[in-house]
Amino acid sequence: MNNAIPALRWQLNRRPKGAVNPEDLELIEFKPDPLKAEHIRIRNIHLSLDPTQRIWMSDREQYLAPIQVGSVMRGTTVGEVTESRSERFKPGDLVIAGMGGWETQTDIEAKSASRIRRLAGVPLTASLSVLGNTGLTAWFGMTRIGQVKAGDTVVVSAAAGAVGSIAGQIAKLRGARVVGIAGGQAKCEWLTGQLGFDAAIDYKSEDVGEELDRHYPDGIDLNFENVGGAIMEAVFNRLNTFGRMALCGMISGYEKDGPVAGPEDFSRILMRRLRIEGFVVLDHLPHAKEALDELAPWVVNGQLRWKDHVEPGLENALHAMQLLFSGRNDGKMILGISPEPAFSSGAAA
Ligand code: NDP
């Protein structure tokens, strides 16, 4: 890292109330400490922006420690090693840091970084999307939690988003029938026209319940749920006996404080013998190879499509978060922090 360029990071200044506000976070300059033994210094190239980061800004009950006020925002980054005090990596290596930060450079223990093995023709950003946690979330949620099988009637919410679009395609590749729920006609047309979904429901202009009844008069076997609230309830109320819900996310509740309500008729779980299972991709990462062995060939063969939405500039992090929560992201939300090195197939893979 050129020391003449100041190191910058986003710090959490206070816990947001509702949508993230410019006063909640601050972009500050920082002076890196000397690199510790067994650590590497990474020049961050891309940062993954995820709905769950809004949860980390709060102190509600959650699956990781909340980010402390005054600390750097946490996020997964892809970057280039610039300095190494570990045998594992050398300067120039491309790595992914699951517990990186919203910052231009990050020091982490070498054992918590993974080397990126690039595939020819696949952009580096895919390490944060279809071949990163996004794709893994879709794969584990659809195959392991949802246990999708041929002939299932499947509904995916936030279906045109990063996780949902891949989850729906995986279900199609496994022989299921898939209806996606998304906001707006353009997203719905993408699902049916480009991704092979059987149908799509525009929750902004259509009655979700009525449309579900029309597409699935015999009910729904599997719900891959990303949104929560009224959309989830409409699907839940139509789950068949022995139906399943892979509860991946509840984005409609992330900006609210306090508990988030579930479906009104809890007894349906008993009467219909439903299985509702929440999951977090981090628990499944030890088995990532199994998922990637299926996902990577689909990507290379063009059987699995995805979009990366890259907003350039660390300073635009808040704007990018607003895009996610207003549905104006067009694919996996990624912040571009610094230029990518030239791709050399010999040096990678
Ligand atoms: P997306 O790319 O799907 O972007 C979020 C989308 O959610 C928006 O584009 C918007 O789509 C929709 N949305 C936002 N606010 C609302 C709202 N209030 N009501 C309905 N829809 C809304 O993001 P991701 O793919 O990264 O995340 C999707 C879900 O998956 C999130 O709930 C996230 O927390 C979850 N997730 C869970 C993981 C796990 O391990 N369990 C890992 C990664 C993600 P539209 O325009 O269609 O409304």
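In each ligand, atom 1 is the first atom listed, and ligand 1 is the first ligand listed. Note that these values count all heavy atoms, side chains included, but never hydrogens, waters or copies made by symmetry.
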**Student:** How far is atom 36 (N) of ligand 1 from the closest protein heavy atom, and which atom is that?
**Tutor:**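 Going atom by atom, the protein heavy atom closest to atom 36 (N) of ligand 1 ends up being Cys248 SG, 3.7 Å.
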
**Student:** Which atoms of ligand 1 are found less than 4.0 Å from any heavy atom of Phe325?
**Tutor:** 14 (C), 15 (N)

**Student:** Under 3.5 Å between any N/O of Tyr203 and any N/O of ligand 1: does that happen in this structure?
**Tutor:**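 Looking only at distances, the answer is yes, because the N/O contact criterion of under 3.5 Å is met.
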
**Student:** Can you list the steps and then say if Val235 with Ser157 is a side-chain contact (heavy atoms from CB on, under 4.5 Å)?
**Tutor:** CA-CA 9 Å; Val235 182; Ser157 58; over 6 Å; no

**Student:** Is there any N or O on Ile181 that sits under 3.5 Å from an N or O of ligand 1?
**Tutor:** no

**Student:** Is Tyr254 close to ligand 1, meaning an N/O of one under 3.5 Å from an N/O of the other?
**Tutor:**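 Yes - when backbone and side-chain N and O of Tyr254 are compared with those of ligand 1, one distance drops under 3.5 Å.
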
**Student:** Closest non-hydrogen protein atom to atom 11 (O) of ligand 1, residue and atom name please, with distance?
**Tutor:**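 Minimum-distance protein heavy atom for atom 11 (O) of ligand 1 reads Lys187 NZ, 3.6 Å.
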
**Student:** Show me which atoms of ligand 1 lie under 4.0 Å from any heavy atom of Met250.
**Tutor:** 32 (O)

**Student:** Is any side-chain N of the basic residue among Asp107 and Lys36 closer than 4.0 Å to the acidic one's carboxylate O?
**Tutor:**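 Looking at Asp107 and Lys36, the cut-off is not met.
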
**Student:** Flag yes if Leu35 and Ile40 sit in one hydrophobic cluster, no otherwise; membership is Ile, Leu, Val, Met, Phe, Trp, Tyr, and two members link when side-chain heavy atoms are under 4.5 Å apart.
**Tutor:**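 Per the 4.5 Å side-chain linkage, Leu35 and Ile40 are not co-clustered.
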
**Student:** Check whether Tyr254 forms a cation-pi arrangement with Arg54 (NZ or CZ under 6.0 Å from the six-membered ring centre, at most 45° off the ring normal).
**Tutor:** no

**Student:** For residues Phe30 and Leu12: do they belong to one hydrophobic cluster (side chain heavy atoms under 4.5 Å, members Ile, Leu, Val, Met, Phe, Trp, Tyr)?
**Tutor:**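 Not linked; separate clusters.
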
**Student:** Ser48 and side-chain contact (heavy atoms from CB on, under 4.5 Å): which single residue from Thr134, Leu128, Asn133 fits?
**Tutor:** Leu128

**Student:** In this structure, which one of Glu80, Glu103, Glu83 forms a salt bridge (Lys or Arg N to Asp or Glu O under 4.0 Å) with Arg41?
**Tutor:** Glu83

**Student:** Using a 3.5 Å cut-off on N or O atoms only, is Lys332 in polar contact with ligand 1?
**Tutor:**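 No; every N/O pair is 3.5 Å or more apart.
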
**Student:** Hey, is ligand 1 close enough to Val163 that some N/O pair sits below 3.5 Å?
**Tutor:**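 N/O-N/O distance below 3.5 Å exists for this pair.
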
**Student:** For atom 42 (C) of ligand 1, find the nearest protein heavy atom and state the residue, atom name and distance (0.1 Å precision).
**Tutor:**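 Scanning the protein heavy atoms, the shortest distance from atom 42 (C) of ligand 1 goes to Thr137 OG1, 3.3 Å.
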
**Student:** Return yes or no for this condition: an N or O of Ala162 is under 3.5 Å from an N or O of ligand 1.
**Tutor:**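 Checking ligand 1 against Ala162, an N or O pair does fall under 3.5 Å apart.
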
**Student:** Please tell me whether Leu335 and Val72 are part of a single hydrophobic cluster in this structure, the criterion being side-chain heavy atoms less than 4.5 Å apart.
**Tutor:**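 No.
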
**Student:** Distance to 0.1 Å, residue and atom name: give those for the protein heavy atom nearest to atom 13 (N) of ligand 1.
**Tutor:** Ile251 CG2, 3.8 Å

**Student:** Got a second to check how far Thr77's OG1 is from Ile45's CD1, nearest 0.5 Å?
**Tutor:** 9.5 Å

**Student:** Just to confirm my output: which protein heavy-atom neighbour is closest to atom 32 (O) of ligand 1, and how far is it?
**Tutor:**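 I find the closest protein heavy atom is Asn226 O, 2.8 Å.
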
**Student:** Out of curiosity, Thr143 OG1 to Arg174 CZ, how far, rounded to the nearest 0.5 Å?
**Tutor:**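 Between atom OG1 of Thr143 and atom CZ of Arg174 there are 5.5 Å.
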
**Student:** To the nearest 0.1 Å, how far is atom 23 (O) of ligand 1 from its closest protein heavy atom, and which atom is that?
**Tutor:**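 Ranked first by proximity to atom 23 (O) of ligand 1 is Pro51 CG, 3.7 Å.
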
**Student:** So, taking the atom named CG in Leu131 and the one named CH2 in Trp298, what distance separates them when rounded to the nearest 0.5 Å?
**Tutor:** 12.0 Å

**Student:** Does an N or O from Val281, backbone or side chain, lie closer than 3.5 Å to an N or O of ligand 1?
**Tutor:**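 Val281 vs ligand 1: N/O contact under 3.5 Å present.
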
**Student:** Contact between Val227 and ligand 1, counting heavy atoms under 4.0 Å?
**Tutor:** yes

**Student:** Which residue and atom name correspond to the protein heavy atom nearest atom 10 (C) of ligand 1, and how close is it?
**Tutor:**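 The answer is Gly327 CA, 3.5 Å.
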
**Student:** Apply side-chain contact (heavy atoms from CB on, under 4.5 Å) to the pair Asp152 and Arg244, showing each step before the final yes or no.
**Tutor:** CA-CA 11 Å; Asp152 275 344; Arg244 295 94 72 198; 2.8 Å; yes

**Student:** Could you establish whether His309 and ligand 1 come within less than 4.0 Å of each other, counting only heavy atoms on the residue side?
**Tutor:**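 Contact absent.
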
**Student:** N/O of Ala182 under 3.5 Å from N/O of ligand 1, yes or no?
**Tutor:**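 No, no N or O pair falls under 3.5 Å.
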
**Student:** Of all the atoms in ligand 1, which lie at a distance below 4.0 Å from a heavy atom belonging to Gly161?
**Tutor:**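 Ligand 1 atoms under the 4.0 Å threshold to Gly161: 1 (P), 2 (O), 3 (O).
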
**Student:** Nearest protein heavy-atom contact for atom 6 (C) of ligand 1: which residue, which atom, what distance?
**Tutor:** Leu324 O, 4.0 Å

**Student:** Taking the side chain as C-beta and beyond, is there a heavy-atom pair between Arg74 and Leu64 under 4.5 Å?
**Tutor:**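 Yes. Closest side-chain heavy atoms under 4.5 Å.
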
**Student:** Which pairs, with at least one residue in residues 266-282 and sequence neighbours excluded, count as a salt bridge (Lys or Arg N to Asp or Glu O under 4.0 Å)?
**Tutor:**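 Matches after skipping sequence neighbours: Arg275-Glu277.
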
**Student:** So, regarding Asn329 and ligand 1 (criterion: nitrogen or oxygen to nitrogen or oxygen, under 3.5 Å), is there a contact or not?
**Tutor:**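 Yes.
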
**Student:** Looking only at distances, please establish whether an N/O atom of ligand 1 is found under 3.5 Å from an N/O atom of Gly183.
**Tutor:**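 Indeed, backbone or side chain, Gly183 has an N or O that close.
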
**Student:** Would you mind running through ligand 1 and noting each atom that sits below 4.0 Å from a heavy atom of Phe279?
**Tutor:** 39 (C), 41 (N)

